[in-house]
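One is the number of the first residue; the rest follow in order along the sequence.
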Amino acid sequence: MIDRAHLAALVEAERATYERRHPLSRAAYRAGRASLLGGVPMTWMNKAAGGFPVYLAEARGARVTDLDGHAYADFCLGDTGAMAGHSPPATVRAVRRRFAEAGGATAMLPTEDAAWVGAELARRFGVPLWSFTLTATDANRWAIRLARMVTGRPKVLVFNYCYHGSVDEAFITLGPGGTIERDGNVGAPVDPATTTRVVEFNDLDALDRELANGDVACVLMEPALTNIGIVLPRPGYLEGVRALTRAHGALLLNDETHTFSAGPGGCTLAWALRPDLVTIGKAIAGGVPAGAYGVSAEVAERVASHREADLIDTGGVGGTLAGNALSVAAMRATLGEVLTSEAFERMAALATGFTAGVEEAIGANGLPWSVVRLGARTEYRFTAPAPLDGGSSAAAGDEALEDYLHLFMHNRGVLMTPFHNMALMCPDTGGADVDLHTELFGAAVAALTGSRV
């Protein structure tokens with residue numbers, strides 16, 4: 001249905017417009033190549049459909065402004081890191097009090113804020129005892145170590161095309177002959193097949209078969225896949241996962257870093273899940289680096305029974321800056337005053353409107369596409385119906401279409417996540433932002449299909 005020559009011409013035209021609009025960003029990128037690996041401070045920032053990233057000048061709420069003075073309605077929100085909005089005032093006040101007034105960002109000493117944050121996370125996610133990290137990746141790494149210790153088992157089970165940060169065990173996929181390393185995995189310390197089992201999401205038979213080997217310490221999962229496109233669980237699937245992990249003696253570890261969009265306690269609260277461990281990061285400190293992992297009372301007891309384990313010094317669980325005074329203060333303010341239940345209700349309502357606008361344009365232009373929502377997060381896919389496992393979701397990707405839509409939106413004042421077509425709402429997102437995307441998405445697909453706008 002898509003004329004590929006026409007699509008290529010549209011991408012070329014949008015890319016030329018992008019380059020004309022961003023001379024200062026282009027110059028900054030070129031200058032950065034002299035001292036920065038890949039020309040950027042973090043190599044993922046090279047994921048830019050225009051050939052180079054735009055440079056940030058300032059950001060507030062749901063708006064960002066680039067170095068060339070262009071303002072955007074921001075639905076990327078730092079790929080979830082800024083789901084609380086950019087520089088939320090409550091978090092700014094807390095950081096200023098801690099850093100400028102009280103003084104001391106990190107001192108290897110606890111603060112009273114930490115117990116408040118632990119109790120709030122326990123209330124939201126249902127596991128009672130928490131510890132802090134600086135990233136969700138580290139939260140996952142440390143939770144996996146604890147799971148291996150208390151079960152005495154060596155392996156982790158993940159889902160095909162899952163995303164858990166840069167956790168080594170997660171860079172694995174299903175190939176024709178079994179498990180293989182994910183394409184592009186850099187410098188793997190070991191073949192991930194030696195550490196990990198992998199199955200498709202929504203396949204309980206495969207999960208049962210792999211757990212039956214008796215060597216899986218924990219099932220590490222997002223309750224809904226996100227970073228390969230949103231893949232929702234079939235009815236009863238997550239209940240089945242919980243039953244199988246218990247039957248086979250494996251712990252269940254829910255990574256809520258992206259699925260936090262489902263509500264104030266992520267999918268764990270929204271869907272009444274009962275994991276043994278929970279990890280989260282990115283959004284919980286309003287953009288200040290922070291992550292956390294929580295454990296059930298039973299897991300905590302099993303950890304404590306391992307008196308030989310060194311969790312204070314060389315045990316491989318912890319970091320000098322983890323739980324520092326500044327990040328914990330930011331978490332308390334963000335969870336207590338910004339990402340509240342009321343905020344999530346508004347965000348989900350906006351995402352519902354966003355989703356409806358996309359569905360209407362897809363239908364009006366006769367495209368075999370779909371759109372899926374998870375609370376405040378929504379994403380459109382180039383297939384219908386929406387995929388129900390990671391392999392099918394990966395197969396539905398279309399780089400040329402993604403580049404076209406990202407560039408079309410960007411050149412007209414809407415910032416989407418550069419990975420896939422994810423849009424996220426924050427407490428400062430407005431109805432006008434959603435309406436702008438709806439208008440532009442309709443115009444983009446009409447130009448693509450040759451329909452009248």
Side-chain angles (χ1 to χ4, degrees), residues 14 18 21-22 24-25 28 40-42 44-50 52-92 226-227 230 257-258 260-261 282-289 330 334 338-339 343-344 346-355 357-358 371 373-380 402-403 405-441 444:
E14 293 295 337
Y18 179 97
R21 283 169 52 87
H22 300 104
L24 296 181
S25 285
V40 287
M42 192 268 285
W44 295 1
M45 293 176 182
N46 272 317
K47 182 67 172 175
F52 59 89
V54 297
Y55 275 59
L56 176 67
E58 59 184 51
R60 291 287 185 278
R63 292 282 184 281
V64 296
T65 302
D66 68 27
L67 204 58
D68 290 279
H70 305 298
Y72 305 87
D74 186 10
F75 291 104
C76 172
L77 295 171
D79 193 18
T80 306
M83 190 167 72
H86 297 288
S87 298
T91 307
V92 171
T226 61
N227 212 49
I230 298 171
T257 302
H258 281 178
F260 190 28
S261 65
K282 288 197 177 184
I284 59 174
V288 174
T334 303
V338 185
L339 290 176
F344 273 103
R346 295 194 303 273
M347 291 153 62
L350 288 165
T352 299
F354 186 107
T355 302
V358 171
V371 58
R373 182 178 70 87
L374 181 64
R377 179 188 301 269
T378 186
E379 186 159 6
Y380 33 90
E402 287 179 7
D403 283 353
L405 289 169
H406 291 166
L407 287 164
F408 190 99
M409 294 293 173
H410 192 113
N411 287 337
R412 294 158 181 81
V414 167
L415 193 64
M416 299 288 288
T417 303
F419 301 90
H420 311 289
N421 303 290
M422 190 275 289
L424 185 64
M425 314 297 137
C426 77
D428 291 300
T429 303
D433 300 322
V434 172
D435 291 344
L436 176 61
H437 176 272
T438 298
E439 176 186 349
L440 292 178
F441 184 80

Walk me through it: do Val414 and Phe408 pass the test side-chain contact (heavy atoms from CB on, under 4.5 Å)?
CA-CA 9 Å; Val414 167; Phe408 190 99; over 6 Å; no
Ile230 vs Arg373, test: side-chain contact (heavy atoms from CB on, under 4.5 Å). Steps then yes/no.
CA-CA 7 Å; Ile230 298 171; Arg373 182 178 70 87; over 6 Å; no
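Proximity of His437 to Val358: side-chain heavy atoms (C-beta onward) are separated by under 4.5 Å at one or more points. Counting heavy atoms from C-beta on, the side chains of Met409 and Phe75 never come closer than 4.5 Å. Contact of the Leu56 side chain with the Val64 side chain is registered, since non-hydrogen atoms from C-beta on lie closer than 4.5 Å.
Heavy atoms only, all atoms of each residue included: Ala28 and Leu67 are closest at CB-CD2, 4.0 Å. Residue Ala444 comes nearest to Leu405 through the heavy atom pair CB-CD2, 3.8 Å, listed as atom of the first residue, atom of the second, then distance. Nearest heavy atom pair, residue Ala351 against residue Gly375, reads CB-O, 3.2 Å. Minimum heavy-atom separation, Thr378 to Met425: CG2-CE, 4.3 Å. Of all non-hydrogen atoms in Phe260 and Ala283, the two that sit nearest each other are CD2-CB, 4.3 Å. The shortest non-hydrogen separation linking Leu436 to Arg412 is CD2-O, 4.5 Å.
Side-chain atoms of Asp403 do not come within 3.5 Å of backbone N or O of Ala49 as any donor-acceptor pair. In this structure a side-chain-to-backbone donor-acceptor pair under 3.5 Å is present from Ser25 to Tyr55. Put simply, the side chain of His406 gets close to the backbone of His420: a donor and an acceptor are under 3.5 Å apart. Judged by distance alone, the side chain of Asn46 and the main-chain N or O of Val40 form no donor-acceptor pair under 3.5 Å.
Among residues two or more places apart in sequence or in another chain, the side-chain hydrogen bond (donor to acceptor under 3.5 Å, both in side chains) test is passed with Asn411 by Glu14. Residues that satisfy the side-chain hydrogen bond (donor to acceptor under 3.5 Å, both in side chains) test with Thr438, not counting sequence neighbours, are absent from this structure. Taking Asp66 as the reference, nothing meets the salt bridge (charged side-chain N to carboxylate O under 4.0 Å, His left out) condition, with sequence neighbours excluded.
Using the six-membered ring where Trp is involved, Tyr380 and Phe354 have ring planes that are parallel, under 30° apart on the 30 and 60° scheme. Aromatic ring orientation, Tyr72 versus His70: perpendicular (interplanar angle above 60°, classes split at 30° and 60°).
For residues 422-434, every residue pair satisfying the side chain to side chain donor-acceptor pair (under 3.5 Å) rule, not counting sequence neighbours, is listed here: Arg63-Asp433. Identified under the salt bridge (charged side-chain N to carboxylate O under 4.0 Å, His left out) test for residues 80-90, with sequence neighbours left out: none.
Rounding to the nearest 0.5 angstrom, the gap separating the CG atom in Leu24 from the CG atom in Asp68 is 4.0 Å. Distance CG/Leu374 to CG/Leu424: 10.0 Å, rounded to 0.5 Å. Once rounded to the nearest 0.5 Å, the distance linking OG1 of Thr65 with CD of Glu58 reads 4.5 Å. Atom CE of Met416 is separated from atom CG of Asn421 by 6.0 Å, given to the nearest 0.5 angstrom.
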Which atom pairs, donor and acceptor, lie under 3.5 Å between side-chain atoms of residues 76-89 and protein residues at least two apart or in another chain?
{"unit_1": "Thr80", "atom_1": "OG1", "unit_2": "Arg377", "atom_2": "NH2", "d": "2.8"}
{"unit_1": "His86", "atom_1": "NE2", "unit_2": "Asp74", "atom_2": "OD2", "d": "2.6"}

